[in-house]
Amino acid sequence: MELHQPLSSLIVPLCASCRNNGELLAGPFLYNESFPDALPMVSSIAPANHTVCSGSSTLCKLVSWWNKHCSNGGDDSAILMHQSDWLLWLLHGEYGVCDYNNTLKVGYDPEIGSYPSWLMSQPYSHMLPSSVRAPGVPIGPIREEVRSQYGFSNDCVVCTGTTDSIAAFLAAGTTDPGKAVTSLGSTLAIKLVSRVRVEDARFGVYSHRLDDQWLVGGASNTRGVVLRQLFSDDQLVALSRDIDPSSPSPLDYYPLPKKGERFPVSDPDMEPRLEPRPDSDADYLHGILESMARIEASGYKLLKELGATPVEEVFTAGGGAQNEKWTAIRERVLGVPVRKAEQTEAAYGAALLALRGATTGS
């Protein structure tokens, strides 16, 4: 039996005096929390446009905490733990174990398999996870007290995790270069399997290692909430019936819930554009859906321009995958086959990863 924890939406930054007793030294920092106070220091040590050069990166969270609590000398026993690290530690009891997906945004380089020298020379480097492994590999047996308390089998093994978004990608069951998954939910997020690693912090583009390939991703601020600000769920269903997906909409919008875009255009001052509104609500919805499809297409075009493998097929996850008219619009705009992913839950992808670890031992 294998246990696998994929979640990483919370960052427990200094889950501490951790080397001694696991006591938390700080509350968890949310995945999307930004720490602009640390960005100048991080940008001064990291290469230009590196993944960590974002206020919401794990490294900025760590540096911000360090500056406030340890800049004049701190506790050498304090360590950084991602949410998944901490949860898995409760199961296997070994400090400092992480995977190279979760450590990407703290500066770990999965291509060379180590932290870069510019990071290791910093005074807080001792806080970084010391044992970074591939996702889905066995760490060790479950702690005896946990096993006996919950009735796990004697051969139960704990495996390294991954991030929730990668686990959701793995659930779609596609790992061939050129295959992609677009998630139409809280953001419009795209992930593309590429033979080439691509990173550019200006657009929030970064690459996770996926065995011997790369999973390149970016996320636009356009999202389904814009539709719900304008239409009810029943209206969306009814109006979609009146849309001809084979006919391009002449309307040109940029649907954002508020000011600011990051991908495929980096413009913090971009304003939502949802005017002019035609008399027909069906035409209005058609224009919005088509505009979102254009943003998606621009995202894949940008990844190609940055050097990623061109997209060949797109699987769809999230609530937007249920709208067949939107799928048809996207297929026309993207110019590649688009279909709904059969599985999209991160838990399913994590189970697949753990199963691979159980059967191959790596």
Side-chain angles (χ1 to χ4, degrees), residues 1-26 28 31 58 75-106 108 110 113-115 125-171 173 175 208-212 215 343 345-362:
M1 179 179 182
E2 303 275 326
L3 287 180
H4 194 286
Q5 171 50 261
L7 300 177
S8 65
S9 57
L10 297 177
I11 299 298
V12 181
L14 303 156
C15 191
S17 66
C18 268
R19 300 185 200 278
N20 297 329
N21 57 18
E23 175 190 356
L24 292 178
L25 297 181
Y31 174 83
T58 312
D75 187 347
D76 288 342
S77 65
I79 61 172
L80 177 146
M81 298 181 83
H82 299 83
Q83 178 194 22
S84 54
D85 303 340
W86 185 72
L87 291 172
L88 288 177
W89 164 74
L90 294 175
L91 297 175
H92 58 64
E94 185 177 344
Y95 286 116
V97 179
C98 194
D99 62 273
Y100 57 57
N101 292 152
N102 271 303
T103 53
L104 182 73
K105 292 188 177 182
V106 78
Y108 185 84
S114 65
Y115 294 105
S125 61
H126 66 277
M127 299 179 63
L128 302 172
S130 57
S131 179
V132 181
R133 311 177 189 182
V137 301
I139 299 173
I142 196 167
R143 295 163 61 185
E144 176 56 32
E145 58 269 33
V146 177
R147 189 199 65 76
S148 59
Q149 180 179 356
Y150 294 101
F152 291 113
S153 62
N154 291 328
D155 62 350
C156 184
V157 173
V158 184
C159 288
T160 50
T162 185
T163 67
D164 49 358
S165 63
I166 292 181
F169 182 91
L170 295 174
T175 57
H208 277 290
R209 184 176 170 183
L210 191 67
D211 295 328
D212 58 349
L215 191 58
Q343 296 286 347
E345 291 294 332
Y348 185 86
L352 293 178
L353 194 57
L355 177 62
R356 187 179 69 173
T359 55
T360 65
S362 62

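All values derive from a computational prediction rather than experimental measurement.
For the atom pair D211 CG and R356 CZ, the distance stands at 4.5 Å (nearest 0.5 Å). For the atom pair S165 OG and L215 CG, the distance stands at 7.5 Å (nearest 0.5 Å). Atom-to-atom distance recorded for S153:OG and I142:CD1 is 9.0 Å, nearest 0.5 angstrom. Once rounded to the nearest 0.5 Å, the distance linking NE2 of H92 with SG of C156 reads 12.0 Å. To the nearest 0.5 Å, the span separating CD1 on I79 from CG on D85 amounts to 8.5 Å. One finds the CD atom of Q83 at 9.0 Å from the CG atom of N102 (value rounded to the nearest 0.5 Å).
For the pair T103 and C98, the tightest heavy-atom approach, listed with the atom from each and the gap, is CG2-SG, 3.4 Å. For the residue pair Y100 and A134, the shortest heavy atom distance occurs at CE2-CA, 3.4 Å. Nearest heavy-atom pair, A167 versus A350, reported as atom, atom and distance to 0.1 Å: CB-N, 4.0 Å. Closest heavy-atom contact between L88 and G161: CD1-N, 4.0 Å.
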- With side-chain contact (heavy atoms from CB on, under 4.5 Å) as the test, would you mind laying out the steps for R209 and L104 before giving the verdict? CA-CA 9 Å; R209 184 176 170 183; L104 182 73; over 6 Å; no
- When you look at I139 and L91, which way does the side-chain contact (heavy atoms from CB on, under 4.5 Å) test go after all the steps? CA-CA 10 Å; I139 299 173; L91 297 175; over 6 Å; no
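Remark: the backbone N or O of G93 is not paired with any side-chain donor or acceptor of R143 at under 3.5 angstrom. Within the 3.5 Å criterion, the main-chain N or O of I166 finds a donor-acceptor partner in the side chain of T163. Side-chain N or O atoms of R133 include none that pairs as donor or acceptor with a backbone N or O of V97 at under 3.5 Å.
Using a 4.5 Å heavy-atom cutoff, the side chains of L90 and V146 are not in contact.
For E345, there are no side chain to side chain donor-acceptor pair (under 3.5 Å) partners, not counting sequence neighbours.
Note on ring orientation: taking the six-membered ring where Trp is involved, the planes of Y115 and Y108 are perpendicular (angle over 60°, cut-offs 30° and 60°).
When each of D99, T160, V157, L353 is tested with V137 by the rule side-chain contact (heavy atoms from CB on, under 4.5 Å), just one qualifies, namely T160.
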